[in-house]
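Below: one structure, written as structure tokens.
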Amino acid sequence: PTEGRSWLGKPAPEWTGLAWIQGGPLSLAARKGKTVLLRFWTSDCDLCRASAPALNELSDAYRGQGLVVVGIHHPKTRRARGLAYVEERARDLGFDFPIAQDEDWSTMRAYGVGTTFREFTSVILFGAQQKKRQPGGGLGADARQFTEFLDEFANGFGEDRHSGKD
């Protein structure tokens, strides 16, 4: 995707206003040295459900090499504001990585979702120095589009082997 290219190499914003449902609380600062795949999702989104197996596959395949997958749910309905409801949906989707609720969408907006990123809003990948390495993009039902990028880090997640710096 071309949108968001101006964000490449820029520091990733800290996560704010989140209610942690599983695996938290986490801070971005505490993830320094790790490659992070940040997945914005909603419980009522067909594409989010369809892409869940690919997201789980990436998490399972690269966790041992230092990849941190974090799911940030942004509620769009009254029902989706309930933390128990989101926890149940995350469990149904097989998410075993950290999940938070962005009730007021403050973290989502800080990442440009809905402003800079209009076409693809769901996935943002950033490197060890917490600078964006991949523009926002959709995650389809196939994990291969991210596998090539993640393989660049396979022999040392946390190091930017692509350009020598993050």
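Every heavy atom of this structure was used, including side-chain atoms; hydrogens, water molecules and symmetry mates were not. In this text the structure is predicted, and so the values were computed from the model without any measurement.
Formation of a donor-acceptor pair under 3.5 Å by the Asp102 side chain with backbone atoms of Ile72 is not found in this model.
No side-chain N or O of Asp44 forms a donor-acceptor pair with one of Thr42 less than 3.5 Å apart. Side-chain polar atoms of Ser51 and Arg39 form a donor-acceptor pair below 3.5 angstrom.
Note that OH of Tyr62 is 11.5 Å distant from OG1 of Thr35, once rounded to the nearest 0.5 Å. For the atom pair Leu28 CG and Leu38 CG, the distance stands at 8.5 Å (nearest 0.5 Å).
Listed by chain and residue number, nothing satisfies the ring pair (Phe, Tyr, Trp, His ring centres under 6.0 Å) test with Tyr85 (two or more places apart in sequence, or in another chain). Remark: Trp105 pairs with His74 by the ring pair (Phe, Tyr, Trp, His ring centres under 6.0 Å) rule, at least two apart or across chains. In this structure, Glu87 has no salt bridge (Lys or Arg N to Asp or Glu O under 4.0 Å) partners at least two apart in sequence or on a different chain. With sequence neighbours left out, Arg63 forms a salt bridge (Lys or Arg N to Asp or Glu O under 4.0 Å) with Asp60, Asp96. Legend: residues meeting salt bridge (Lys or Arg N to Asp or Glu O under 4.0 Å) with Asp92, ordered by chain and number and at least two apart, are Arg89. Annotation: side chain to side chain donor-acceptor pair (under 3.5 Å) contacts of Gln22 (sequence neighbours excluded): none.
Between Trp41 and Phe95, the ring-plane angle classifies as perpendicular under the 30° and 60° cut-offs.
Among all heavy-atom pairs drawn from Phe97 and Val69, the shortest one is CB-O, 3.3 Å.
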